[in-house]
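Heavy atoms only: backbone and side chains are in, while hydrogens, waters and symmetry mates are out. Throughout, numbering of the chain's residues begins at 1 and tracks the sequence.
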Amino acid sequence: MTTFASGTDTLTRDALTVLQPGFTGTTAPDWLLRRLGEGLASVGLFGRNIATPEQVTALTAQLRAERDDVLVAIDEEGGDVTRLEVRTGSSFPGNHALGAVDDVELTREVAAELGRRLAACGVNLNWAPSADVNSNPANPVIGVRSFGADTALVARHTAAYVTGLQSAGVAACTKHFPGHGDTAVDSHHAMPRIDADASVLTERELAPFRAAIAAGSRAVMSAHILVPALDPDHPATLSRTVLTDLLRGELGYTGLIVTDGMEMQAIAATYGIERGSVLAIAAGADAICVGGGLSDDETVRRLRDALVAAVRSGELPEARLAEAAERVRELARWTATVAPAADGTGREDIGLVAARRALRLTAPSPFAPLTEAPFVAAFTPVANIAVGDETPWGVAAELSRLLPGTETGGYTGEEAARAALEAAGDRRVVAVVRDEHRHPWMAAALDALLASRPDTVIVEMGVPQAPARGALHIATYGAARVCGRAAAEVIAGR
């Protein structure tokens, strides 16, 4: 059993217990192990902490040697947002591809296999799934992370994902409450706002969270968004009306409430992380996620001290902090006692099966697969922070395997088409895009490319909103590695 440092008082332990910090490196630093001994109960893993499954297993064992009931969390959505496979691309398609197939049993199987792989590495809390309804196709941060734009579809797949993930003994953390889909701003950069009225929110945004709660989601993550119909003054993460009155009171949720990353600019630039953390706990949050950008002992100390000072000044009731800390411990107890479902060892290939089923092909006439190595022109937008720019995407790597000699280049801006045509020479062109409908320069590049080379194959790896065109148009509904492989198989006729 864990033995706490004798000099750590109850208040300080509780303040540490509600934090979910990150760190740098692929082994646990001394300061993190020391904080676990003082009461820290959770640790977040990010791409920078991961090299191989074996290394992650050793890392989580190192953490549990210091505290056996530690919650090890990760942001592993599959699809575009992957941490376990940050350097290769995910073996699982993301939510949008699963929504395109619309087979809830497939979604459950994918989530269960993902959960098995996380559990095998010692991870027991996943900051997923995204239950956001992608009602705004111009949304810069959700997009393919959502199951889709239809509320009922999102609700049933959210429930299936929660069920599958937790069948492997990994707690689901359904996000981003009360719904991030109708935003036009990325909360990593600024404060988004949703101006829908309360009836729309109830029918659209909240329905998937009701489904997640009914499915037993052990955690829910709050969004750093302002929803005036619910609270005109405070973003959801800092709103008692949203977290306590709505989520706990009206929706009847009793599990752990986790904040989105407190260093995101929607909070950090307006309230500061210390003040924001105090307000979040006071509003009803139970755990403070921090560590995507700030990942050092000084951050943990600052947040711990801010919470302790708020209790001592009377601003934050000690009972509220104690309640939050107990919910963290309650989740830790669940992860220690839940037994993975006895339904076999899972399907290693389920991600590829799902990615193949998600493809949507459009061709004006019968398509003859390529037999010679093409030139792959990747028209690359700036990646949002949740996805990051470390993870490879596209079809070039998979086409190179099937059609040796395939070459590729990445292009952006007004000269993208000209540069791509020049590089391609007389080779067949495969143009790869991501959310063409959101990037005028990308649409113009495709126009120019098709005017010159109408036999171009187009692969859309974002949300397919623009009209299908080209000799063959493939919509993959995501940019995971398996989505690229499924598309490459079609192009090469394999």
Side-chain angles (χ1 to χ4, degrees), residues 18-20 42 44 71 73-77 81 95 111 115 124-133 142 145-147 151 154-155 157-166 170-181 187 194 201-202 204-225 227 230-231 234-262 264 267 277 280-290 320 323-332 334-335 386:
V18 302
L19 303 181
Q20 294 190 343
S42 308
L71 288 171
I74 198 168
D75 196 10
E76 181 59 56
E77 298 177 16
V81 179
N95 286 1
N124 54 11
L125 171 59
N126 190 9
W127 292 316
S130 167
D132 307 300
V133 179
I142 301 300
R145 301 167 66 197
S146 166
F147 288 110
T151 297
V154 174
H157 286 277
T158 296
Y161 195 106
V162 167
T163 300
L165 187 65
Q166 293 188 166
V170 176
C173 182
T174 306
K175 61 189 183 185
H176 306 80
F177 188 81
H180 210 308
S187 51
I194 293 180
L201 294 169
T202 297
R204 185 180 66 189
E205 268 72 18
L206 298 184
F209 290 96
R210 286 196 190 90
I213 292 167
S217 185
R218 307 303 300 194
V220 168
M221 178 177 283
S222 67
H224 302 330
I225 58 175
V227 188
L230 301 178
D231 186 331
H234 305 98
T237 293
L238 311 184
S239 171
R240 182 174 179 81
T241 302
V242 173
L243 299 188
T244 299
D245 298 346
L246 176 58
L247 181 53
R248 293 229 184 270
E250 185 177 328
L251 302 188
Y253 177 65
T254 59
L256 188 77
I257 299 177
V258 183
T259 72
D260 206 344
M262 295 302 285
M264 294 164 63
I267 298 297
S277 296
I281 298 294
D286 305 305
I288 301 296
C289 175
V290 65
R320 170 77 274 272
E323 176 188 51
E326 179 54 29
R327 281 212 183 90
V328 175
R329 298 181 192 113
E330 183 181 350
L331 181 57
W334 178 85
T335 63

Flag for H176-D132: side-chain donor and acceptor within less than 3.5 Å = yes
task = State, yes or no, whether a side-chain contact exists between D75 and K175 at a heavy-atom distance under 4.5 Å.
result = yes
Minimum heavy-atom distance S130-T158, with the two atoms named = O-OG1, 4.3 Å
task = State the NE2-NE2 distance between H224 and H180, to the nearest 0.5 angstrom.
result = 8.5 Å
Pairwise side-chain contact, L19 with V290, heavy-atom cut-off 4.5 Å (strictly under) = no
Any side-chain heavy-atom pair of N95 and S146 under 4.5 Å = no
ask   = Can you tell me if H234 uses its side chain to pair, donor with acceptor, with the backbone of T241 under 3.5 Å?
value = no
ask   = Taking the side chain as C-beta and beyond, is there a heavy-atom pair between I267 and P235 under 4.5 Å?
value = yes
message = Would L230 and S239 count as a side chain to side chain contact (heavy atoms under 4.5 Å, CB included) here? Give the steps.
response = CA-CA 9 Å; L230 301 178; S239 171; over 6 Å; no
ask   = With side chains defined as the heavy atoms from C-beta onward, is the minimum distance between P178 and V242 less than 4.5 Å?
value = yes
query = Would D286 and R329 pass as an ion pair if we require N to O under 4.0 Å?
reply = no
request  = Would you sort out whether L246 and L206 count as a side chain to side chain contact (heavy atoms under 4.5 Å, CB included), showing the intermediate values?
outcome  = CA-CA 10 Å; L246 176 58; L206 298 184; 4.0 Å; yes
inquiry  = Please check this pair: side chain of E77 against backbone of R145, looking for a donor-acceptor N/O pair closer than 3.5 Å.
reply    = no
inquiry  = Could you tell me if the side chain of T259 sits less than 4.5 Å from the side chain of M221, heavy atoms only?
reply    = no
ask   = For the residue pair L251 and F177, what are the closest heavy atoms and their distance?
value = CD1-CE1, 3.7 Å
key: Heavy-atom check, side chain of I142 versus side chain of V133, under 4.5 Å   = no
Donor-acceptor pairs under 3.5 Å, side chain of residues 209-219 to any protein atom, not counting sequence neighbours: which ones?
unit_1	atom_1	unit_2	atom_2	d
R210	NH1	T202	O	3.2
S217	OG	T174	OG1	2.8
S217	OG	A219	O	2.8

task = Write down the atom of T254, the atom of R327, and the distance for their closest heavy-atom approach.
result = O-NE, 3.6 Å
key: Residues forming a side-chain contact (heavy atoms from CB on, under 4.5 Å) with S42, sequence neighbours excluded   = Q20, L71, V328
ask   = P129 versus V162: any side-chain heavy-atom pair under 4.5 Å?
value = yes
message = Please give me the minimum heavy-atom distance between L243 and G284, naming the atom from each residue.
response = CD1-C, 4.2 Å
query = Looking at V170 and G115, what are the two nearest heavy atoms and their distance?
reply = CG2-O, 3.5 Å
request  = Only counting residues at least two apart or in another chain, list the ones meeting side-chain contact (heavy atoms from CB on, under 4.5 Å) with A73.
outcome  = L125, W127
